[in-house]
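In what follows, a single structure is set out as structure tokens and then discussed.
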Amino acid sequence: QGLPSLEHLEMISPPLVSRVYDRDSISIGEFYIERRLWARYQDIPKSLLQAVMAIEDRRFFDHWGINLQAFPAAMIPLLQGKRVRGASTLTQQLAKNLFLTPERSLERKLREVLLAVKIEQTYTKEEILEFYMNEVCLGAGAYGFRAAAQRYFSRPLDSLSIGQCATLAGLLQRPEAYRPDIRPRESKNRRNLVLRSMFEEGFLAKAEYIAALTEPMNQASWRPGNDNASYFVETVRQQLGKTWSDELIYQKGV
């Protein structure tokens with residue numbers, strides 16, 4: 001009882017950023033609740049997808065929503081009220097992020113499992129990955145990997161190095177704890193763990209693995225818009241508010 005219907009699943013629409021451009025098509029401001037820039041599955045680098053699967057769900061393309069080997073072991077700490085790590089598939093994580101609360105209970109975990117199975121029945125694996133890669137929180141107000149690539153490296157997704165892909169994938173477990181801009185040591189250690197997982201899974205050749213380990217932890221600060229245009233952007237927001245709803249302005253990516 002209480003699980004969303006298949007029709008509800010088919011209308012998944014997470015909040016997106018709305019941008020203000022000047023007459024030269026330069027972005028000068030943004031409106032959002034969650035800073036999310038949607039990336040289509042075909043535009044997400046293979047190395048980034050592999051990094052995420054290597055550290056979070058190595059059998060993603062083989063299971064039907066849950067990892068039967070890991071699930072029983074996860075029940076013991078769950079029944080003790082402890083946090084469970086590493087037992088949830090990407091589909092379960094998506095189900096929790098979209099529809100469920102973070103409470104620790106057997107009932108909530110079972111709802112997560114059932115919802116994950118429904119998602120797998122409704123969408124292809126590629127569609128699930130696209131939802132997941134755009135939905136997750138990656139710290140510093142960035143939601144989804146496209147926004148995170150811009151936030152931490154000031155780069156588009158298709159220009160990320162293998163090491164940068166691993167760095168972003170490493171944020172999934174604890175976004176604020178592994179931020180490369182404020183915790184470079186912890187971020188590097190986590191990145192190297194992701195790279196090791198990619199190598200063990202066969203996603204990286206030995207030469208690629210060694211090269212990625214030696215990549216410097218370069219990151220570039222990024223600020224949205226133009227500070228000099230803030231008054232104009234606020235005027236635009238006020239004008240839009242006369243005819244558009246807050247939901248359309250702040251969540252629909254107009």
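Here, residue 1 is the first one in the sequence, and each next residue gets the next number. The model shown is predicted, which means the values in this text are computed figures rather than measured ones.
Contact of the F60 side chain with the T89 side chain is not registered, since no non-hydrogen atoms from C-beta on lie closer than 4.5 Å. Counting only heavy atoms from C-beta outward, the side chains of Q42 and E126 never approach each other to under 4.5 Å. Residues I55 and L193 meet the side-chain proximity criterion, which asks for heavy atoms closer than 4.5 Å. Counting heavy atoms from C-beta outward, V136 and Y132 have side chains that approach closer than 4.5 Å. The shortest side-chain heavy-atom distance between F203 and E208 does not fall under the 4.5 Å cut-off.
Using bins of under 30°, 30° to 60° and over 60° for the plane-to-plane angle, the ring pair Y123/F131 lands in the perpendicular bin.
Between E201 and R59 there is a salt bridge, since at least one side-chain N of the basic residue sits less than 4.0 Å from a carboxylate O of the acidic one. Salt bridge absent: R111 and E107 never bring a charged side-chain N and a carboxylate O closer than 4.0 Å.
Residue L94 is grouped with residue L171 when hydrophobic side chains (ILVMFWY) are merged at heavy-atom distances under 4.5 angstrom, including chains of intermediate members. Taken together through direct or relayed side-chain contacts under 4.5 Å among Ile, Leu, Val, Met, Phe, Trp and Tyr, I44 and V194 form parts of separate hydrophobic clusters.
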Decide yes or no on salt bridge (charged side-chain N to carboxylate O under 4.0 Å, His left out) for E135 and R36, but give the supporting numbers first.
CA-CA 8 Å; E135 173 64 28; R36 178 182 287 103; 3.7 Å; yes

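Remark: the T91 side chain and the K125 side chain contain no N/O donor-acceptor pair separated by less than 3.5 Å.
Atoms CG and OG, from L168 and S187 in turn, are 8.5 Å apart once rounded to the nearest 0.5 Å.
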